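Because only heavy atoms are used, hydrogens play no part in the values below, and waters and symmetry mates are left out as well, while side chains stay in. All values derive from a computational prediction rather than experimental measurement.
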Amino acid sequence: MVFLIRLIISLFEKNKIIKMLWMPPRKILNSHLLGLTLGLIAIILLFCFNYSPLFDKLPWYTSVLYGILFIAGTFLGGAFVILLAIFLVLFIWLSQEPARHWEALFIISQWYFIAYWFGAIFAILYNDLVFLLMYVFKNDSIKIIFAFDTEKKFNIIKSPIETEELAMLDVIKPMMYYTQQIYRFNTNETDNQTNRANIHKYIVKVTTFITDTYNAEAITNNDKNNLIEILQSILIQSDDIKLLMDELDSRLSSGNQEMIVNLITALETQIEPIVEKYLVLKKNKFFNYKPATIPEHPYTIIFMANPKLLEPKIALSKKSIFSPDLINKNIYVYLYAVRNAIYSLASNEVVGRPEIWSRIRIIAVFDETLVQKPGNQAALLQPYPGDVTIDDAYVTNMITPFDDTWDKFKQIVEKEYNKDNCGFVYENAYNTDSKTSSCDTDLATYLDDTDILFVMSADLRYLRSTAMASYFDTTFPPKPHSREFYKLNFDPCTSKRFQNESSEYESEIKFPYCVDSDGNILDQNAIYEYYAELPGCVALNIFGANFKTYIHEFAHAMSCPSTGYITDEYFDDMIKEHDAPASPPQNKTIFCINRIDRIQPSDARPVIPVHKVFAKYNCVYYYSDRNHPSTNEHWIGYFPDRKSHLTHCIMDRLSRFYCFDELIHDFMYDRLIVKLNRKHRPGGTAP
């Protein structure tokens with residue numbers, strides 16, 4: 001209901017910018033559980049106080065059985081409520097002179113049903129009322145996660161370079177509004193007393209706002225001095241900020257035309273950036289981590305609303321059919337999915353760390369006009385073309401990217417999202433003759449920095465999301481012996497014995513790395529690459545996804561089969577085809593960071609136990625998870641240990657409490673840190 005109310009409210013908002021808000025933690029009542037609880041309480045009260053005469057002419061155990069029935073039904077939940085409703089309807093319809101025990105059950109069921117619906121409706125109304133009160137009476141506790149300008153086809157909704165978040169800045173900067181009002185009145189006769197009064201009114205608001213900025217804790221001493229310096233340069237020499245404000249107010253009230261022009265210029269070019277950066281942005285923005293040094297090329301994630309989807313081929317049809325994806329019907333549904341993705345990533349113990357999350361750029365792309373493109377020009381997703389079995393059952397509801405999804409996306413970007421083909425917007429509401437492109441820059445500018453592409457779908461048939469791993473740019477490798485190299489030894493104890501006694505241990509483990517000409521296992525020296533030649537692509541169904549799905553698929557997409565791949569831990573296949581591109585680069589070893597394969601047991605070879613030590617990564621030993629189902633003799637692969645036995649790995653099956661394995665955690669952290677500190681690559685397009 002809260003989502004529905006928010007959706008209805010947003011439909012009536014006239015602002016072209018959609019704000020995704022964060023509500024502070026508040027008490028939420030579960031309508032179903034509250035209804036069941038009140039229903040059971042009502043039955044207990046009936047038995048204890050008023051309705052014992054119902055059982056006077058019935059066997060003594062009838063009341064006991066009824067009590068057990070309603071207690072068990074309460075724990076059964078929704079099915080019991082439905083059966084109870086059916087019983088009440090049938091009783092009223094069929095019964096003429098009911099038997100005594102049916103009549104007693106009918107009366108008890110009535111009270112249970114009434115109490116259940118009272119609790120359920122009360123909880124729904126309570127939740128909605130709390131939401132409406134918080135939404136209507138906004139305060140500082142409600143933050144803006146991101147803002148999306150509907151007049152633009154793409155928006156940078158999060159960036160360490162704050163000026164890139166243009167829609168966000170448009171929402172949270174009142175200074176421009178005041179300067180526009182000053183400009184509006186200034187265009188009329190300046191000696192008119194009414195205009196002077198209006199100018200005076202708005203300047204009072206501006207000066208108050210600047211004074212608040214000066215007193216705000218968010219602004220640093222250095223910025224306070226800068227602000228005073230700016231004001232002193234355009235007004236008078238004084239160390240008292242209040243005197244400066246009074247002087248500013250009096251000069252503008254006198255109608256000094258030259259002073260007004262100077263003020264507008266100063267506000268727009270000098271004062272306003274300080275105000276919005278250190279007060280407004282800190283006050284309203286949900287993610288306020290500020291990196292000490294702004295990265296030149298931030299780690300970039302793009303969320304794209306899938307335009308079209310390939311339909312399953314019919315046996316008698318040789319022609320491919322592409323249908324519009326339902327996600328293009330409503331931008332609010334798409335943006336709520338993007339919001340959920342941001343929650344999932346930002347709350348993760350690796351990606352959400354301040355030093356990483358503060359350096360990530362996120363771009364949202366929504367263009368409903370792409371569904372009109374003929375054929376497969378805008379088709380980015382397809383049903384998984386092969387047969388996949390998990391737990392010996394076929395999975396038929398998977399959606400996956402094409403092998404050339406990234407290439408198609410690049411073609412769309414280069415053709416559609418440039419300054420000459422983005423439409424226009426007015427520079428301000430009072431000067432309709434001045435127009436500018438709705439694209440402040442080309443999206444193609446950011447393609448070189450892109451590491452992950454999320455393609456969002458709302459198809460109700462393919463609810464299972466998949467991901468394709470990224471491949472690094474071989475034309476721009478790290479320098480030898482740099483910190484971008486890492487050292488990984490799988491099962492180091494066994495590999496050492498294997499080198500000394502290869503005949504005994506040769507067939508025990510399938511080591512996922514190279515062997516030299518003598519059969520000795522070589523240490524796996526790999527790199528954390530700077531850029532992705534082929535970014536990771538995620539096909540994500542917004543209806544089948546939960547909060548864990550986003551970070552799970554992100555882990556697949558951010559890893560690389562040739563420099564360390566993060567695979568699933570909930571079934572016993574090495575690498576599924578839908579997890580990696582079909583044609584990996586030549587001469588590259590594909591190995592998984594979080595899986596070791598054993599040789600299959602046979603009559604001549606017993607089951608190989610899971611070894612205690614899983615791997616040595618950068619001189620640190622990581623143990624195996626010997627509480628995982630992979631210890632079963634029917635499993636071939638096994639995985640690194642979890643941080644706690646109370647949690648499950650994000651790459652494993654769904655659990656209420658989950659986090660990454662320790663090895664995955666450290667590997668992802670190191671890989672992201674290297675990417676976040678990358679420099680401009682030769683041949684790339686610098687923003």
Side-chain angles (χ1 to χ4, degrees), residues 1-23 124 127-128 131-132 135 144-158 167-168 170-171 301-311 322-345 362-373 377-383 397 399 401 409 412 416-417 422-423 425 438 443 453-465 538-547 549-550 553:
M1 282 295 292
V2 167
F3 174 81
L4 181 60
I5 291 175
R6 178 66 184 89
L7 192 60
I8 294 173
I9 291 174
S10 63
L11 294 176
F12 289 96
E13 290 180 343
K14 297 182 180 180
N15 197 335
K16 65 185 178 69
I17 294 181
I18 301 174
K19 294 174 290 185
M20 288 290 114
L21 303 178
W22 175 84
M23 297 288 182
I124 293 173
N127 295 337
D128 294 345
F131 174 81
L132 284 173
Y135 186 84
I144 303 174
I145 303 173
F146 66 86
F148 189 93
D149 190 344
T150 56
E151 292 189 359
K152 300 178 182 178
K153 296 179 180 179
F154 74 91
N155 285 257
I156 300 178
I157 61 176
K158 181 193 175 302
M168 175 74 79
D170 195 35
V171 170
I301 304 172
I302 298 179
F303 290 97
M304 173 76 176
N306 179 47
K308 300 174 76 173
L309 177 72
L310 174 65
E311 292 290 329
F322 302 91
S323 61
D325 200 305
L326 292 177
I327 198 168
N328 296 280
K329 297 292 185 181
N330 194 312
I331 188 174
Y332 294 97
V333 175
Y334 161 74
L335 291 179
Y336 273 104
V338 174
R339 185 193 68 172
N340 292 341
I342 290 178
Y343 271 148
S344 177
L345 297 177
I362 296 178
I363 301 176
V365 184
F366 184 87
D367 187 359
E368 67 274 19
T369 63
L370 291 177
V371 299
Q372 302 171 9
K373 296 287 182 183
Q377 293 183 20
L380 301 181
L381 300 181
Q382 63 176 334
N397 63 339
I399 192 169
F409 176 75
I412 293 173
E416 301 292 333
Y417 308 138
C422 279
V425 294
S438 61
L443 179 54
L453 172 64
F454 276 84
V455 185
M456 321 285 273
S457 172
D459 193 278
L460 296 174
R461 296 166 295 175
Y462 307 105
L463 300 178
R464 194 181 185 98
S465 304
V538 177
L540 194 133
N541 186 289
I542 64 173
F543 296 128
N546 52 47
F547 283 110
T549 306
Y550 298 96
E553 301 301 339

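The shortest side-chain heavy-atom distance between Lys16 and Asp149 falls under the 4.5 Å cut-off. A 4.5 Å side-chain heavy-atom check between Leu380 and Met304 finds at least one atom pair inside the cut-off.
Atom CD1 of Ile363 is separated from atom CZ of Phe454 by 14.0 Å, given to the nearest 0.5 angstrom. Leu335 contributes atom CG, which lies 9.5 Å from atom OG1 of Thr150 (distance to the nearest 0.5 angstrom). Atom-to-atom distance recorded for Arg461:CZ and Leu463:CG is 10.5 Å, nearest 0.5 angstrom. Separation of atoms CG (Leu310) and CZ (Phe322) is listed at 5.0 Å; rounding is to 0.5 Å. Rounding to the nearest 0.5 angstrom, the gap separating the OH atom in Tyr462 from the CG atom in Leu309 is 6.5 Å. With rounding to the nearest 0.5 angstrom, the CD1 atom of Ile156 is 11.5 Å from the NZ atom of Lys158.
In this structure, Asn340 contributes its side chain and Asn546 its backbone to no donor-acceptor pair below 3.5 Å. The backbone N or O of Leu460 sits nowhere less than 3.5 Å from a side-chain atom of Asn541 that would complete a donor-acceptor pair. Panel note: side chain Tyr334, backbone Phe303; a donor-acceptor pair is recorded below 3.5 Å. The closest donor-acceptor contact from the side chain of Lys308 to the backbone of Lys373 lies under 3.5 Å.
Under the side chain to side chain contact (heavy atoms under 4.5 Å, CB included) test applied with Val365, the options Leu370, Ile302, Leu453, Ile412 reduce to a single match, Ile302. In summary, of the residues considered (Leu540, Ile542, Val455), a side chain to side chain contact (heavy atoms under 4.5 Å, CB included) with Ser465 occurs for Leu540 alone.
Taking each heavy atom of Met168 and Ile145 in turn, the nearest pair found is CE-O, 3.6 Å. The minimum heavy-atom distance linking Ile327 with Ala458 is given by the pair N-CB, 3.6 Å. Of all heavy-atom pairs between Ile17 and Ala147, the closest is CG2-CB, 3.7 Å. Taking every heavy atom of both residues into account, Ile144 and Leu21 meet most closely at CG1-CD2, 3.9 Å. Of all non-hydrogen atoms in Pro401 and Gln382, the two that sit nearest each other are O-NE2, 3.5 Å.
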| Run the side chain to side chain contact (heavy atoms under 4.5 Å, CB included) check on Tyr343 and Tyr550 step by step: do they pass? | CA-CA 9 Å; Tyr343 271 148; Tyr550 298 96; over 6 Å; no
| Test side chain to side chain contact (heavy atoms under 4.5 Å, CB included) applied to Leu381 and Asp459, step by step | CA-CA 11 Å; Leu381 300 181; Asp459 193 278; over 6 Å; no
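For Phe148, the ring pair (Phe, Tyr, Trp, His ring centres under 6.0 Å) criterion is met by no residue, not counting sequence neighbours. In this structure, Phe146 has no ring pair (Phe, Tyr, Trp, His ring centres under 6.0 Å) partners at least two apart in sequence or on a different chain.
For Ser457 and Asp325, the side-chain atoms include at least one donor-acceptor pair closer than 3.5 Å.
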